[in-house]
Amino acid sequence: MKCKLLLFDLDGTLLQSDKTISQPTVCELENCARCGMMIGVSTSRSEKNSMEFISELNPDIVISSGGALVKYKDTYIYKAEFTEEETSDMIKRAREVCGEDCEITIDTADEHYWNYKTDPKQQDKSWGDSIYTDFRDFRHASLKMCVEIFDEKVAQQLSKELSECDCVRFSDGYWYKFTKKTATKENAILHMCEECGITADDIIAFGDDYADIGMLRLCGVGVAMGNAIDAVKEIADCVIGDNDHDAIAVFLRESGLGRD
């Protein structure tokens, strides 16, 4: 199997349910790296938050905030950012459509902001450090906005209002992400390929959720996790076991990747 880059979504894919990477998976990835393969992640999490889980891998590529920011080695090679004014307008329109008390998160290049009602770390310790704000006077450029919307019709209405954005729902809740139209995982991969001198056919990508569909379609081999939603399994080249039973390690071992 030809591969120059192994590219992983995080939640539900590379990360187990306890938000750790299994030791067998770490060992197989180290073997692959020794054989000359690059290791990368492509996630909707912010870069800062992602590194809390993957620092031991020392990844060559980090695609974060749903494709809005791409880092190769120590260099940022792509950023799709909303201006302060655009960000403020998005927050305003989200509140007009979804209600003044709707929960919103904003990723900037450095921080994660949230008008949470309950401290997220009390619900899930895997959440990174979120800065509480009521967004009343928010003056920052942003990479991504997420909005919690319980009614799909309301989500569709906001998506129409923010027609300049790419909108994708996360399947494990009622959150929708809004990034620049160009800020998708697949577009980020194309920018990365140009910088690294590889093609999408050289990549094996792993994912489980709606935001991973374009990525799995684009790459040479698209691998769906056993816990993936049906829409991901339907477009994948293969389906492996779930994220809690070393499925990635088994796939890499049985594929002969990481073996001289």
Side-chain angles (χ1 to χ4, degrees), residues 1-45 49-64 66-67 124-127 168-173 175 177 185-186 188-189 200-260:
M1 187 178 296
K2 183 178 73 168
C3 178
K4 294 182 180 179
L5 168 65
L6 294 166
L7 188 61
F8 303 93
D9 171 55
L10 287 184
D11 295 278
T13 303
L14 187 60
L15 298 182
Q16 302 177 108
S17 295
D18 64 0
K19 305 305 179 185
T20 64
I21 305 173
S22 76
Q23 196 54 44
T25 299
V26 171
C27 290
E28 289 299 324
L29 291 176
E30 289 174 346
N31 290 339
C32 290
R34 279 193 290 269
C35 289
M37 278 170 265
M38 292 187 292
I39 308 299
V41 299
S42 179
T43 177
S44 290
R45 287 182 182 265
N49 184 235
S50 300
M51 294 309 298
E52 296 180 19
F53 306 100
I54 60 175
S55 58
E56 65 181 316
L57 295 181
N58 192 26
D60 302 282
I61 292 154
V62 178
I63 296 171
S64 56
D124 186 345
K125 292 182 179 180
S126 74
W127 279 109
V168 178
R169 179 184 172 179
F170 299 113
S171 66
D172 59 350
W175 287 89
K177 76 97 181 174
K185 290 187 177 185
E186 53 269 33
I189 289 168
D201 286 341
D202 297 322
I203 304 171
I204 301 177
F206 300 74
D208 73 301
D209 210 344
Y210 292 112
D212 301 319
I213 290 175
M215 175 174 75
L216 267 58
R217 279 177 168 156
L218 174 66
C219 293
V221 178
V223 181
M225 303 302 295
N227 51 283
I229 60 173
D230 289 341
V232 172
K233 292 179 179 178
E234 288 168 4
I235 59 90
D237 296 300
C238 64
V239 179
I240 60 176
D242 67 57
N243 63 316
D244 283 325
H245 293 89
D246 297 325
I248 290 173
V250 171
F251 173 86
L252 296 175
R253 190 183 310 121
E254 292 183 349
S255 299
L257 295 167
R259 302 292 184 270
D260 291 326

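All residue numbers in this chain count up from 1 along the given sequence.
- Rounding to the nearest 0.5 Å gives a distance of 8.0 Å between CG of Leu252 and CE of Met37.
- The CD atom of Glu28 lies 8.0 Å from the OG1 atom of Thr25; values are rounded to the nearest 0.5 Å.
- Rounded to the nearest 0.5 Å, atoms CG (Leu5) and CG (Asp202) are 8.5 Å apart.
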(request) Assess whether side chain to side chain contact (heavy atoms under 4.5 Å, CB included) is satisfied between Leu29 and Leu14, documenting all intermediate values. (result) CA-CA 11 Å; Leu29 291 176; Leu14 187 60; 4.1 Å; yes
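- In this structure a side-chain-to-backbone donor-acceptor pair under 3.5 Å is present from Asn243 to Leu15.
- The salt bridge (Lys or Arg N to Asp or Glu O under 4.0 Å) check on Asp60 picks up Lys73, with sequence neighbours excluded.
- One distance of note links CD of Gln16 with OG of Ser22; it measures 5.0 Å at 0.5 Å rounding.
- The shortest side-chain heavy-atom distance between Val41 and Phe53 does not fall under the 4.5 Å cut-off.
- Atom CG of residue Asp9 and atom OG1 of residue Thr43 lie 5.5 Å apart, to the nearest 0.5 angstrom.
- Using a 4.5 Å heavy-atom threshold, the side chains of Met225 and Ile248 count as touching.
- Here the straight-line distance linking atom CG of Leu257 with atom CG of Leu6 works out to 6.5 Å at 0.5 Å rounding.
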(message) Is there a side chain to side chain contact (heavy atoms under 4.5 Å, CB included) between Asp11 and Lys19? Walk through the geometry before answering.
(response) CA-CA 7 Å; Asp11 295 278; Lys19 305 305 179 185; 2.7 Å; yes
Show me the donor-acceptor pairs within less than 3.5 Å that the side chains of residues 230-237 make with the rest of the protein, sequence neighbours left out.
residue, atom, partner, partner atom, Å
Lys233, NZ, Gly226, O, 2.8
Asp237, OD2, Gly222, N, 2.7

For residues 203-219, run the donor-acceptor check on the side chains, cut-off 3.5 Å, and write out each pair with its distance to 0.1 Å, sequence neighbours left out.
residue, atom, partner, partner atom, Å
Asp208, OD1, Thr13, OG1, 3.1
Asp209, OD1, Ser171, N, 3.4
Asp209, OD1, Ser171, OG, 3.0
Asp209, OD2, Ser171, N, 3.1
Asp209, OD2, Ser171, OG, 3.2
Asp212, OD1, Lys185, NZ, 2.5
Asp212, OD2, Asp208, N, 2.9
Asp212, OD2, Asp209, N, 2.9

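- The shortest side-chain heavy-atom distance between Phe251 and Cys238 falls under the 4.5 Å cut-off.
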